[in-house]
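Just so it is clear, the model here is predicted, and its values are computed rather than measured. The sequence lines fix the lettering, A, B, ..., with proteins before strands; numbering per chain opens at 1. Heavy atoms only: backbone and side chains are in, while hydrogens, waters and symmetry mates are out.
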Number of protein chains: 2
Amino acid sequence: MNRLTLTNQVCFPLYALSRQVTAHYRPLLEQLDLTYPQYLVMLLLWETDNQSVSAIGDRLLLDSGTLTPLLKRLEQKELVSRTRNMADERQVSIQLTDTGRALREQAATVPEQLQQRLQLTDQQAISLRDQLVTLLNQLTNE
Amino acid sequence: MNRLTLTNQVCFPLYALSRQVTAHYRPLLEQLDLTYPQYLVMLLLWETDNQSVSAIGDRLLLDSGTLTPLLKRLEQKELVSRTRNMADERQVSIQLTDTGRALREQAATVPEQLQQRLQLTDQQAISLRDQLVTLLNQLTNE
DNA sequence: GTTTATTTAATTGTACACAATTTAATTGTA
DNA sequence: TACAATTAAATTGTGTACAATTAAATAAAC
């Protein structure tokens, strides 16, 4: 097998599918005035409010170079507040505003709407997710 | 199940894994002075030389807004040439230079090196790839 | 055959990603 | 306690992504 072709590599389908799935999120998230990475940050904060930039970065595998401007945009939309941590002035605490918390209800239907758009059964979705998570853990715990 | 969490969605593992895998390519591609998307374009051209911008875009699912500046960078590195198609002046033909063709040999070991880095067996890689490709085709043939 | 519609790249503007560096705060250590 | 090492964000710079628009060439319709 000639591996030096597009379709014979794992990475291209991964790269292309990731972008296609994000594209399917886009019209749904547009209604919330969120980009996909912004949505991921909001998901994290809805789960656990009041996290530092690096704590968010650890979960999303993003650094401050990406997160700082992104968080400033969420702040401009008044979805989060950014305040220096009193106990450790190096850290910046990200907290949901009332508007940010309220957005959660509007976002509640996004996952099922997406699954419909992707035409995935629960089984397919869970199976694929588990495989991806396994490989992801393999790569990040090195 | 509460779907409105990070790990319970298919898309985040896909997004994160794609970036992690690309990160594993990076040190290998750095030796070729290529970014990952640039590498994808080179893979296409090594397979079939002399393609239009839109033909490349159809395969990679990228538009001219992404490809035009990327191809100009490949041109600056003297890996490709960009010339208006004589038969249809709207199109720009992308052709490998001698340097571009020669790079193929240096790139030959990238796939196996990557597979080693990812610690994937052939079976795992093929199985995952096939699932991703199936879903990708599902999403793009709509 | 001219006008209209479509196609192809390029351009403009916004928002990630990420490497590398900088700045400030905290921790560890002699 | 000073001082070096580490940590956390921010900053700077490059390179994608992608929506929206523009400009030029070709195709289609009348």
Side-chain angles (χ1 to χ4, degrees), chain A residues 11-12 15-27 29-30 32-42 51-77 79-80 82-94, chain B residues 11-12 15-27 29-30 32-42 51-58 60-77 79-94:
Chain A
C11 193
F12 172 68
Y15 157 82
L17 183 59
S18 172
R19 287 192 297 112
Q20 289 304 299
V21 171
T22 303
H24 276 77
Y25 268 101
R26 204 163 291 124
L29 297 181
E30 213 161 271
L32 310 180
D33 190 27
L34 290 177
T35 64
Y36 182 67
Q38 289 169 9
Y39 170 66
L40 292 179
V41 170
M42 294 303 288
Q51 298 194 54
S52 69
V53 174
S54 57
I56 294 171
D58 286 347
R59 290 291 301 279
L60 301 185
L61 308 175
L62 292 171
D63 66 11
S64 64
T66 302
L67 285 175
T68 297
L70 186 156
L71 292 167
K72 284 183 180 171
R73 285 189 276 273
L74 288 181
E75 189 183 35
Q76 278 186 336
K77 296 181 201 176
L79 296 174
V80 306
R82 298 162 61 249
T83 51
R84 285 276 162 192
N85 189 325
M86 303 257 257
D88 185 342
E89 290 276 348
R90 288 173 303 183
Q91 296 187 21
V92 169
S93 292
I94 309 299
Chain B
C11 193
F12 172 68
Y15 158 83
L17 184 59
S18 171
R19 285 170 35 241
Q20 290 304 298
V21 170
T22 303
H24 277 78
Y25 267 101
R26 206 164 288 122
L29 297 182
E30 215 162 87
L32 310 179
D33 189 27
L34 290 177
T35 65
Y36 181 67
Q38 288 168 9
Y39 170 66
L40 292 180
V41 170
M42 294 303 289
Q51 297 194 54
S52 69
V53 174
S54 56
I56 294 171
D58 286 346
L60 301 184
L61 306 177
L62 293 170
D63 66 12
S64 64
T66 302
L67 286 175
T68 297
L70 186 157
L71 291 167
K72 283 182 180 172
R73 285 183 205 103
L74 289 181
E75 188 183 36
Q76 278 185 336
K77 297 181 200 175
L79 295 174
V80 305
S81 65
R82 300 163 60 246
T83 51
R84 284 278 161 191
N85 190 324
M86 303 256 257
D88 184 343
E89 290 277 348
R90 288 172 303 183
Q91 296 186 22
V92 169
S93 292
I94 309 299

A/E30 CD to C/dT14 P, in whole Å, measures 16 Å

For this session: Taking only the side-chain nitrogens and oxygens of A/Y36, find out if one of them lies under 4.0 Å from OP1 or OP2 of D/dA17.
Result: no

The nucleotide from D/dA9, C/dA17, D/dC18 with an atom nearest the side chain of A/V92 is D/dA9

message: Any base atoms under 4.0 Å from B/L67, or only sugar-phosphate, or nothing? Heavy atoms, all strands.
response: nothing

Answer with base, sugar-phosphate or nothing: what part of the nucleic acid does A/A87 contact at a heavy-atom distance below 4.0 Å? sugar-phosphate

* Asked: Which part of the nucleic acid does B/S52 contact within heavy-atom distance under 4.0 Å: base, sugar-phosphate only, or nothing?
  -> sugar-phosphate

ask   = Distance check: side-chain N/O of B/Q91 vs OP1/OP2 of D/dT26, anything under 4.0 Å?
value = no

Atom CZ of B/R90 and atom C1' of D/dA25 are separated, to the nearest Å, by 6 Å

Classify the nucleic acid contact of B/R73 as base, sugar-phosphate or nothing, counting any heavy atom under 4.0 Å across all strands shown.
base

From CD of B/Q76 across to P of D/dT14 the rounded distance in Å is 12 Å

Quick note, B/P37 side chain, CB onward, closest among D/dT16, C/dA25, C/dC16 is D/dT16

When rounded to whole Å, the CG to C1' distance for the pair B/L74 and D/dT14 reads 15 Å

Partner of A/Y15 under ring pair (Phe, Tyr, Trp, His ring centres under 6.0 Å), picked from B/Y15, B/Y39, B/Y25, B/Y36, is B/Y36

Whole-Å distance, A/L61 CG to C/dC16 P, equals 17 Å

Separation of D/dA9 atom C1' from A/Q51 atom CD, nearest Å, is 16 Å

Quick one: does A/S64 reach the base of D/dA8 with a side-chain donor-acceptor pair under 3.5 Å?
no

Original post:
Reckon B/S54 has a side-chain N or O less than 4.0 Å from the OP1 or OP2 of C/dT7?
Top reply: no

Atom CG of B/L70 and atom C1' of C/dT11 are separated, to the nearest Å, by 16 Å

Whole-Å distance, B/R84 CZ to C/dA9 C1', equals 6 Å

*Would you check if B/L34 and B/V41 make a side-chain contact, meaning some heavy-atom pair closer than 4.5 Å?*
no

